[in-house]
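Just so it is clear, the structure is predicted and the values come from calculations on it, not from any experiment.
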Amino acid sequence: MIHVLHFFADLLVLFALYIFSLALEERELDCEHIKARLQATQSECLRSKENLALLVQVTELREQSIQQVDYCTQMGSALCTLLWGVSNREETVKTILGMDKTAEFFSLAAQTVSSFVESLAANQDEDTEETHFVLGLAGTITNVAAVSCGRDFLMSSCRELMEKWIQLLGKIRSGSCNRLRVLILMSLYNVSIHREGLLWISQYMGLMSQLQLLLTDPDHEVCLHTLRLIQSLILEPDTLHMLWEDMQQCLPHITELSHKGSPEVQKMATELLEELRGSTVDS
């Protein structure tokens, strides 16, 4: 009997040891699992810290970039406004045209104004540094085109700029960027004084259809300078003959402007109608 009891006692001890070993193995597995999760969490935490550091760097770089853009825009606005002001003298224009970077400047000016127009949002505030920057560029080109040597330069070296100018007239929404459109129209008018410029503008496909739309613009200054450009284009008999059919499409709008709008617009429209009637009789 004692032997049996000893046997069962040993058996219980062995069973207890077995159960303990199983529990120990399970605990070791739990520890390994917890250790693996801890390592994964530490790695994830490290990556999060690295990502956070990168995010902070990106934010700082973005802020610096915005500050640099604002600074460059303000500087460009100031410089171009000053250049616009001093370029109203013929000697200054001659100096500008004698520089090595002149053609590159006009090319960059065309790209800058084009990008500005394409990025315009509806109801965007036009009294901004960026707008003054663009107006300074356009005003400088207008002043250059007002001088004989400037017109020669634009026709010989910057026809792409003139093409871009005409294209922008069709891209700018009616009633917006009025000052810019007036400057573009003034530039084209100045270039049309040049015989070669007159022929080139008159032959530009789609120009008259754009001018026809501008005659219906709500801004009186835009209408006035559109009338002036049309008057210049039909001044010569050959260009008048070239544009005669297009002019017939413009006549109703010119007639309407001769009866409404500002006194300057009415006067300009009336003069243009009289010239067209005289040309019709002569033809």
Side-chain angles (χ1 to χ4, degrees), residues 110 113 117 135 138-148 150-152 154-155 158-258 261-279:
V113 177
V117 171
L135 290 177
T140 300
I141 294 169
T142 301
N143 285 344
V144 170
V147 179
S148 177
R151 293 189 286 271
D152 290 337
L154 291 174
M155 278 294 95
C158 297
R159 292 199 180 188
E160 290 184 1
L161 168 62
M162 293 293 98
E163 288 182 5
K164 183 63 68 176
W165 250 215
I166 295 175
Q167 293 167 8
L168 289 177
L169 285 177
K171 289 183 178 180
I172 301 176
R173 297 187 309 276
S174 176
S176 65
C177 295
N178 297 327
R179 289 178 293 174
L180 177 59
R181 288 188 296 163
V182 166
L183 288 170
I184 292 175
L185 288 167
M186 292 173 65
S187 298
L188 295 173
Y189 172 82
N190 289 341
V191 170
S192 71
I193 299 173
H194 189 282
R195 173 63 182 174
E196 185 179 351
L198 173 63
L199 292 174
W200 180 83
I201 294 175
S202 300
Q203 294 171 351
Y204 193 89
M205 188 70 66
L207 172 64
M208 291 306 297
S209 61
Q210 293 184 18
L211 296 182
Q212 182 181 342
L213 289 174
L214 290 175
L215 290 174
T216 64
D217 196 85
D219 186 78
H220 295 305
E221 284 293 311
V222 171
C223 291
L224 176 63
H225 288 280
T226 301
L227 290 169
R228 290 185 67 219
L229 177 56
I230 292 174
Q231 184 185 45
S232 180
L233 293 178
I234 64 171
L235 191 62
E236 297 292 335
D238 53 348
T239 55
L240 174 61
H241 177 74
M242 189 186 309
L243 300 173
W244 184 251
E245 291 185 6
D246 292 321
M247 285 304 305
Q248 303 313 304
Q249 303 297 321
C250 295
L251 277 177
H253 302 301
I254 298 174
T255 302
E256 185 178 359
L257 289 174
S258 67
S262 67
E264 285 183 303
V265 170
Q266 291 185 35
K267 180 181 178 182
M268 185 76 250
T270 301
E271 290 179 2
L272 185 53
L273 286 173
E274 292 175 354
E275 291 178 9
L276 287 171
R277 291 192 187 101
S279 299

What distance do [X] atom [atom1] and [Y] atom [atom2] have between them, rounded to the nearest 0.5 Å?
| X | Y | atom1 | atom2 | result |
| --- | --- | --- | --- | --- |
| H225 | I184 | NE2 | CD1 | 12.5 Å |
| L183 | C177 | CG | SG | 11.0 Å |
| H253 | L214 | NE2 | CG | 11.0 Å |
| R159 | E163 | CZ | CD | 9.0 Å |
| Q210 | I172 | CD | CD1 | 10.0 Å |
| K164 | I141 | NZ | CD1 | 12.5 Å |

Quick check against the 3.5 Å criterion: does [X] have a side-chain atom that pairs as donor or acceptor with the backbone of [Y]?
| X | Y | value |
| --- | --- | --- |
| S202 | L199 | no |
| R151 | A145 | yes |
| S232 | L229 | no |

Least distance between heavy atoms, [X] atom then [Y] atom:
| X | Y | result |
| --- | --- | --- |
| A110 | W165 | CA-CZ3, 4.3 Å |
| L185 | L211 | CD2-CD2, 4.1 Å |
| S187 | A138 | OG-O, 4.2 Å |
| L215 | I230 | CD1-CD1, 4.0 Å |
| T239 | I234 | OG1-CA, 4.2 Å |

Taking the side chain as C-beta and beyond, is there a heavy-atom pair between [X] and [Y] under 4.5 Å?
| X | Y | result |
| --- | --- | --- |
| Q231 | E275 | yes |
| P237 | L240 | no |
| L272 | L257 | no |
| M208 | L233 | yes |

Which residue pairs pass the ring-ring contact (aromatic ring centres under 6.0 Å, His included) test with at least one member in residues 185-215, sequence neighbours excluded?
->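 Residue pairs passing ring-ring contact (aromatic ring centres under 6.0 Å, His included), neighbours aside: W200-Y204.
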Go through the steps to decide whether M242 and Q203 satisfy the test side chain to side chain contact (heavy atoms under 4.5 Å, CB included), and finish with yes or no.
-> CA-CA 8 Å; M242 189 186 309; Q203 294 171 351; 3.5 Å; yes
E160 atom CD, over 12 foreign heavy atoms within 6.0 Å |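 Open: at most 12 neighbouring heavy atoms sit under 6.0 Å from CD of E160.
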Is the count of non-hydrogen atoms from other residues, nucleotides or ligands lying under 6.0 Å from E271 atom CD greater than 12?
->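 Count over threshold, so yes.
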Kindly write out the residues that satisfy salt bridge (Lys or Arg N to Asp or Glu O under 4.0 Å) with K171, not counting sequence neighbours, or none if the list is empty.
->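 Result, salt bridge (Lys or Arg N to Asp or Glu O under 4.0 Å) vs K171: E118.
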Do any pairs count as a salt bridge (Lys or Arg N to Asp or Glu O under 4.0 Å) and have a residue in residues 230-248, sequence neighbours left out, and if so which ones?
->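 Qualifying pairs, neighbours excluded: R195-D238.
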Restricting to pairs with a member in residues 213-235, which pass salt bridge (Lys or Arg N to Asp or Glu O under 4.0 Å), not counting sequence neighbours?
->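 Non-adjacent pairs meeting salt bridge (Lys or Arg N to Asp or Glu O under 4.0 Å): R181-D217.
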In chain order, what residues pass the side chain to side chain contact (heavy atoms under 4.5 Å, CB included) check against A146, with sequence neighbours excluded?
->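 Only N190 meet the side chain to side chain contact (heavy atoms under 4.5 Å, CB included) criterion with A146.
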Listed partners of L273 passing side chain to side chain contact (heavy atoms under 4.5 Å, CB included), at least two apart |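 Expected list: L251, I254, T255, S258, R277.
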Apply the test side chain to side chain contact (heavy atoms under 4.5 Å, CB included) to residues L168 and L180: give CA-CA distance (whole Å), side-chain angles for both, the deciding distance (0.1 Å), then the verdict.
-> CA-CA 10 Å; L168 289 177; L180 177 59; 5.8 Å; no
